[in-house]
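Everything below concerns the one structure shown next.
Everything quoted here is computed from the prediction, not taken from an experiment. Here is how names work: the chains are called A, B, and so on, in the same order as the sequence lines, proteins then strands, and each is numbered from 1.
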Amino acid sequence: MLVNFLKFIHVLLALGLLGSVCYCLITLRANPTIVRLNNYFLWLLLPVVITGTLLVYPSHFTFHTPWIQAAYFLVLIFFVVMSALILLRAKIQSKMWWQVIYLGLMILLMVVVHDAVTKSTFFSFVMPAKAGIQNGLDTN
Amino acid sequence: MLYNCLKILHILSATLLLTSIVYSFQLWWSAKRPAIQVAEGIQTQTWSVIIPFAIFQLMTGFTMISLKHYGLSEFWIKGSVIGFVIMMATWFIFIYTLLSEKSAQPFFRQLQFVMLALCSLTLLSMIFLMANRI
């Protein structure tokens, strides 16, 4: 039951994070001050990562599973980019650049969703031969 | 392949639906703008985002069920379908009371709050059922 609850929280917060980034992307032109929400994204990211980590073993995966490693890597990129946005907020004046960055972050999160649904890395979709080696399959 | 694509689209449309509902709630709750502007904003959200994506959710959901040959008698499927009906009903009652001439009256305001709370609770229950397939 605890695992079910953790999965529910993980899915809910992940949807919330993706939705919030999408909301910022859409409303940025009308409301430039929306960038102040960037701080909350980091706080929202923390329980998503914690619940995801706690779900690894109960879901019969390991931390060596390729798509899980890819998810951690992509979340790390998200964290670094978001932290940079918070620190450099005053220096990025162009709304277009903010939209491009939010679009990139949204694509990043969508790749994580893709990996979680398909249980394979997005890399395997783009380059099947290399992914066979990556996922431990012999494609030779 | 088709199932995974549909599942990803189902999740992404659920995200947009959730975002739109939360935005509408935030509009209604803050009440900083004139009531007529709030009602129009929420109505726009309903027609442009909530209804189209709710229909899309239904379509992708049933397509995935047929692809995986799930039985319609399974608890999480029954719960999700009933939850969808409850969600739509409560949302439309909320919109109706919002657009009513008496929307500013305390009773209607309370009814709107109850409908929104019921809608949110139902949505959370649906997410729980579908995430865990209980």
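If you measure heavy-atom distances from A:V117 to chain B, the contacts under 4.5 Å come from both the backbone and the side chain. Contact of B:L124 with chain A is made through backbone and side chain together, with heavy-atom distances under 4.5 Å. Both the backbone and the side chain of B:I11 come within contact range of chain A, judged by heavy atoms closer than 4.5 Å. When heavy atoms are compared at a cutoff of 4.5 Å, B:L16 approaches chain A solely by way of its side chain, counted from C-beta outward. Within the 4.5 angstrom heavy-atom criterion, no atom of A:M106 approaches chain B.
Judged by the 6.0 Å and 45° rule, B:R109 forms a cation-pi pair with B:W28.
The aromatic ring centres of A:F63 and A:Y57 sit less than 6.0 Å apart. When ring centroids are compared, A:F122 and A:W67 stay outside the 6.0 Å threshold. Between A:W43 and A:Y40, the distance from one ring center to the other does not fall under 6.0 angstrom.
Listed options A:I9, A:L18, A:I26 were ranked by heavy-atom pairs under 4.5 angstrom with chain B; first place goes to A:L18.
When the side chains of ILVMFWY residues are joined at heavy-atom separations under 4.5 Å, either directly or via intervening members, A:M110 and A:L15 end up in a single hydrophobic cluster.
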